Each structure stands twice: as C-alpha cells, then as structure tokens.
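One structure below.
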Amino acid sequence: MATKVEKEKYRKIAELGCSLCRHQGNEGTPAELHHIRRTGKRSNAPVIPLCPYHHRGSNTSIHGMGRKQFEIVYQITEEELFEQTEKLIE
Ligand SMILES: [Zn+2]
Ligand SMILES: [Zn+2]
C-alpha cells in the first residue's frame with residue numbers, strides 16, 4: 001500500500017509525461033507509471049512515466065521488447081530515465 005507521500009510523488013511523475021518521449025524531444029505525452037526493478041532503496045517510488053506506446057506496445061515498448069532490447073533500441077537505460085525523472089520532480 002502506497003503512502004500519502006508516495007501517492008503524491010506518483011501523481012507528479014505521471015504528470016511529467018512519457019520520459020522516453022521527452023528524451024526524444026517530445027514533452028508531455030500522456031503517460032502511465034512503469035515500476036522499475038532496482039536493487040538499492042534510494043527511492044521509495046521507483047517508477048518512471050511511459051506512454052502506452054513505449055510502455056506496452058508490442059515492438060516499441062519496455063514490456064513488448066524487454067528491458068535489454070529497449071535500452072539498445074532507444075540508447076538509454078531504464079536507470080537513466082529514472083534519474084532524469086527524479087531530477088524533474090525535485
Ligand atoms: Zn513515449
Ligand atoms: Zn511497466
């Protein structure tokens with residue numbers, strides 16, 4: 001169960017729009033939250049915003065292609081997208 005602080009953070013993250021579209025120069029694409037896998041516990045909300053196309057599209061998304069392929073195709077890692085997202089909501 002997410003805490004109030006986490007919920008507020010998730011809302012802000014979703015409002016940023018897709019982090020990959022932003023990386024490609026298109027800001028503000030409506031996004032859904034993607035939970036990333038990470039080992040550290042630096043953040044209590046390890047999520048990034050991704051549009052449906054980049055989140056679950058069959059050959060265009062992190063779930064469709066898998067994380068490794070996604071990172072090769074888009075030349076950015078999930079972790080880098082996460083770091084950029086964190087900076088934007090600080
Ligand atoms: Zn996108
Ligand atoms: Zn996801």
Side-chain angles (χ1 to χ4, degrees):
M1 191 62 192
T3 65
K4 208 175 166 185
V5 172
E6 282 171 332
K7 279 185 191 161
E8 178 65 13
K9 191 170 179 181
Y10 289 152
R11 190 183 58 75
K12 280 188 191 167
I13 290 171
E15 280 177 1
L16 292 172
C18 177
S19 54
L20 182 57
C21 286
R22 174 183 298 273
H23 174 65
Q24 295 176 329
N26 304 309
E27 285 188 24
T29 312
E32 40 198 44
L33 296 176
H34 169 65
H35 291 253
I36 71 169
R37 288 183 192 183
R38 60 208 321 269
T39 46
K41 278 204 165 179
R42 199 177 55 188
S43 168
N44 58 3
V47 298
I48 56 175
L50 287 175
C51 64
Y53 182 79
H54 287 137
H55 189 211
R56 18 186 191 96
S58 55
N59 288 310
T60 56
S61 76
I62 194 145
H63 289 295
M65 298 191 284
R67 185 172 58 83
K68 263 191 180 166
Q69 190 61 25
F70 177 92
E71 291 180 350
I72 292 167
V73 168
Y74 294 116
Q75 293 284 297
I76 189 160
T77 65
E78 193 180 57
E79 198 64 29
E80 284 167 337
L81 290 172
F82 177 71
E83 279 170 19
Q84 291 177 3
T85 299
E86 289 281 284
K87 276 183 199 154
L88 287 167
I89 59 163
E90 260 169 20

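As the structure is a prediction and not an experimental result, all values here were calculated from the model. Each ligand, and each atom within it, is numbered from 1 in the order the structure gives. Throughout, residue positions are numbered sequentially from 1 according to the sequence presented.
At the Zn ion (ligand 1), the vertex angle linking SG of Cys51 with SG of Cys21 is 110° (nearest 10 degrees).
When all heavy atoms of Cys21 and Cys51 are compared, the pair lying nearest together is SG-SG, 3.8 Å. In terms of heavy-atom proximity, Ser61 sits nearest to Phe70 at C-CD1, 3.7 Å. Contact between Val73 and Met65 at its shortest, heavy atoms only, is CG2-SD, 4.0 Å.
Glu90 has no carboxylate O lying under 4.0 Å from a charged side-chain N of Lys12, or vice versa, which leaves the two without a salt bridge.
Atom ND1 is the N/O/S atom of His54 found closest to the Zn ion (ligand 1).
The side chain to side chain donor-acceptor pair (under 3.5 Å) search around Arg11 returns Glu8, Glu15, not counting sequence neighbours.
Excluding waters, the set of protein N/O/S atoms under 2.8 Å from the Zn ion (ligand 2) reads His34 ND1, His55 NE2, His63 NE2.
Ring centers of His54 and His34: at least 6.0 Å apart, outside the cut-off.
The CG atom of Asn59 sits 9.5 Å away from atom CD of Gln69, with the distance rounded to the nearest 0.5 Å.
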